[in-house]
Visitor: 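Mind having a look at this structure? Questions to follow.
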Amino acid sequence: MLPLTYTRPVADLRVGVLKIREKWEKELGAQTSSFRTADYLSALFQTPSTKCLTIGGGVLPTRKLVEVLSNLKENEVLTSQGNVVAGFFAPDETIEVGDRDIRELSEIQEILYPWDIFRQNGEEIRRDFQLLSQGNTSEKLDDPHTRLYGESIFLEAGATVKAAILNTESGPIYLGKNSEVQEGAMIRGPFSLGEGSVVNMGAKIRGDTTVGPYSKVGGEVSNSVIQGYSNKGHDGFLGNAVLGEWCNLGADSNNSNLKNNYENVKMWDYEAGRFTDTGLQFCGLIMGDHSKCGINTMFNTGTSVGVFANIFGEGFPRNIVPSFAWGGASGFSTYQTKKAFKTADLVMQRRGKKLTDAHMAVLSHIFELTSASRIWERSAK
C-alpha cells in the first residue's frame, strides 16, 4: 500500500465516504478504534492496550462479514482462503491461527494495492451512503437554479449548492458538513464531498469520485480519491488516481490513465521492488502525503509519487518519483527535511493544523527509510 501507508496505517485510508476504520466503528458500534502499525507511526496513532477484536487493516465490511464478526467468539479466528481476517488478539500477539477454532469465509472485500482504492470506490460510496443516510434527515436542496437528476442525494448541515447540475441516476451524491458546490459545476454520482470541501466553479466531476475533507477540486476529475486537506483546484485532468493528504496539483496539471496501446497498466510495487501488472486498463496517479507539482505538470500512466515530492518543469517525470524528491523530467535533487517541514507547517496552518514534533519525528524517519530510492544521493557520495 506504499506510498500511501508511509504516513498512516492501512485502516486510516479513505475509500468511499468514510475511512476504513470509520466504517468498522459504525458497523460494529465501537466508540473508538486502535491500530497495530509500524512502530514509528505509534506516536501519531493509538495502539491497542488490551486483547481485542483485530481485523485486517484493508478488509472492508460487508453485510455477511459484519454478521460473522458480531458473533465471533474469543476462541475463534476468521480466515479467508487460508489467510487470517480477524480474531481476538493481544497487542504483542502474533496474528496467526494457533490453537483457535477456524471459521472460514470464501470471499472478502479487501484493499491490497493503492489502485484498489479507486477501483472499489464507487461501490463503497454506495455502501457508505446507505450507512450514513439511514435514519438521518438530509438538508433540503432548495436552490432554484440547480438541476437534480434522480433522488439519491444527502446534504449534511451547512452544505450548499448553487446553479449546479447533479446527476444521481448512476449513483448517490453525498455532501458533507459545510461543503460547497459552486456555480456551473457538473457532478455525476457516485460522488462524495467531505466536510468543508469545495467543488469549484465549472468543475466536471465524473462518478466513483471522493473528495475528502477540507479540500478543493476543479477541472475534470474521474474515478479518483482525494484523502483530504489537498487541492486540485484548477483546470486539468485527474483520473483513476489517489492523492494523499496535504497535496497540491498546480494549474493545468494532467495525468494519463490509459496507455496508447490499451494494454494493462503496470505500477511500481514497493514491496517487490519492481513494476507489477495492475490488471487494469485505466490506472493513473498515486501520490503520497505532502507532495506537490507545479503548473502544467504531466504525469504518465501508472505514476507513483512518494511523500514530500516537489515536481515541476517540462516533460513527463519518471513514473516512479521517490519520496523527498525535488525536480522533474530533467532530474531530481533531495528535498531536505528542514525546507520541506517549513513548507508543510505553512500549508497546515492554512487549515488550522500544526506540524508537531511528533509529526516531524515520523517524517524524519520516513526520510531515512526512503533514502535508498533517491539514487542520485549514492552517486553524490
Side-chain angles (χ1 to χ4, degrees), residues 8 11-27 29-33 61 117 121-122 124-143 145-146 148 150-168 171-201 203 205 207-218 221 224-233 242-248 347-354:
R8 61 174 64 78
D12 201 54
L13 285 165
R14 187 178 309 279
V15 191
V17 182
L18 301 169
K19 293 183 176 182
I20 297 174
R21 65 168 177 84
E22 293 173 334
K23 300 173 191 287
W24 282 112
E25 288 168 359
K26 290 187 177 296
E27 290 280 12
Q31 297 297 315
T32 59
S33 56
I117 294 176
N121 195 57
E124 286 303 299
I125 292 175
R126 293 183 178 93
R127 275 188 46 84
D128 290 347
F129 184 89
Q130 293 297 323
L131 185 65
L132 293 169
S133 62
Q134 189 172 14
N136 295 314
T137 302
S138 170
E139 296 290 308
K140 289 185 178 180
L141 179 64
D142 55 7
D143 176 56
H145 304 293
T146 292
L148 174 63
E151 299 178 352
S152 299
I153 185 167
F154 192 96
L155 285 74
E156 290 190 4
T160 60
V161 183
K162 292 183 179 179
I165 300 174
L166 308 177
N167 189 331
T168 69
I173 292 176
Y174 193 93
L175 304 180
K177 182 180 178 181
N178 296 327
S179 62
E180 179 185 5
V181 178
Q182 294 182 344
E183 301 86 344
M186 296 179 288
I187 300 174
R188 180 181 288 265
F191 173 71
S192 171
L193 185 64
E195 179 178 350
S197 288
V198 178
V199 177
N200 286 344
M201 295 182 296
I205 312 296
D208 301 340
T209 292
T210 292
V211 179
Y214 302 101
S215 300
K216 293 181 180 179
V217 63
V221 182
S224 297
V225 178
I226 297 174
Q227 292 293 316
Y229 299 94
S230 293
N231 292 337
K232 185 234 171 281
V242 183
L243 303 185
E245 294 184 344
W246 310 109
C247 297
N248 188 74
V347 170
M348 294 176 73
Q349 285 181 36
R350 297 178 64 200
R351 296 287 195 273
K353 301 288 186 179
K354 180 176 174 56

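Quick note: residue numbers are just sequence positions, from 1.
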Visitor: Holding to salt bridge (charged side-chain N to carboxylate O under 4.0 Å, His left out), I want the full list of residues that pass it with Glu27, two or more places apart in sequence or in another chain.
Guide: Arg127
Visitor: Can you name the side-chain hydrogen bond (donor to acceptor under 3.5 Å, both in side chains) partners of Asp208, sequence neighbours left out?
Guide: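 If we apply the side-chain hydrogen bond (donor to acceptor under 3.5 Å, both in side chains) test to Asp208, skipping adjacent residues, there are no hits.
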Visitor: If the condition is salt bridge (charged side-chain N to carboxylate O under 4.0 Å, His left out), which residues does Lys23 pass it with, not counting sequence neighbours?
Guide: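 In terms of salt bridge (charged side-chain N to carboxylate O under 4.0 Å, His left out), with neighbours along the sequence ignored, Lys23 is linked to Glu124, Asp128.
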Visitor: Show which side-chain atoms of residues 180-201 pair as donor or acceptor with protein atoms under 3.5 Å away, not counting sequence neighbours.
Guide:
residue, atom, partner, partner atom, Å
Gln182, OE1, Met201, N, 3.2
Glu195, OE2, Tyr214, OH, 3.0
Ser197, OG, Gly212, O, 2.5
Ser197, OG, Tyr214, N, 2.9
Ser197, OG, Ser215, N, 2.8
Ser197, OG, Ser215, O, 3.4
Asn200, ND2, Gly233, O, 2.9

Visitor: Can you tell me if Thr146 uses its side chain to pair, donor with acceptor, with the backbone of Ala164 under 3.5 Å?
Guide: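 Yes, because the side chain of Thr146 sits within donor-acceptor range (under 3.5 Å) of the backbone of Ala164.
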Visitor: With sequence neighbours excluded, give me every salt bridge (Lys or Arg N to Asp or Glu O under 4.0 Å) pair touching residues 13-22.
Guide: Asp12-Lys19, Asp12-Arg21, Arg21-Glu25
Visitor: Can you list every pair that meets side-chain hydrogen bond (donor to acceptor under 3.5 Å, both in side chains) and has a residue in residues 152-168, with sequence neighbours left out?
Guide: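 Pairs touching residues 152-168 that pass the test: Glu156-Tyr174.
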Visitor: Between Val15 and Ile117, which heavy-atom pair has the shortest distance, and what is it?
Guide: CG1-O, 3.8 Å
Visitor: How close do Val221 and Ser224 get, counting heavy atoms only, and between which atoms?
Guide: CG1-CB, 3.9 Å
Visitor: Could you work out, with side-chain hydrogen bond (donor to acceptor under 3.5 Å, both in side chains) as the rule, every residue matching Ser138, not counting sequence neighbours?
Guide: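 Testing Ser138 for side-chain hydrogen bond (donor to acceptor under 3.5 Å, both in side chains), a comparison that skips the adjacent residues, returns none.
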Visitor: List the residues meeting side-chain hydrogen bond (donor to acceptor under 3.5 Å, both in side chains) with Tyr229, not counting sequence neighbours, and say none if there are none.
Guide: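 Here no residue qualifies.
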Visitor: State which residues pass side-chain hydrogen bond (donor to acceptor under 3.5 Å, both in side chains) with Gln349; sequence neighbours excluded, sorted by chain then number.
Guide: Asp345
Visitor: If I compare all heavy atoms of Gly218 with all of Ala203, which pair ends up nearest, and what's the gap?
Guide: CA-CB, 3.9 Å
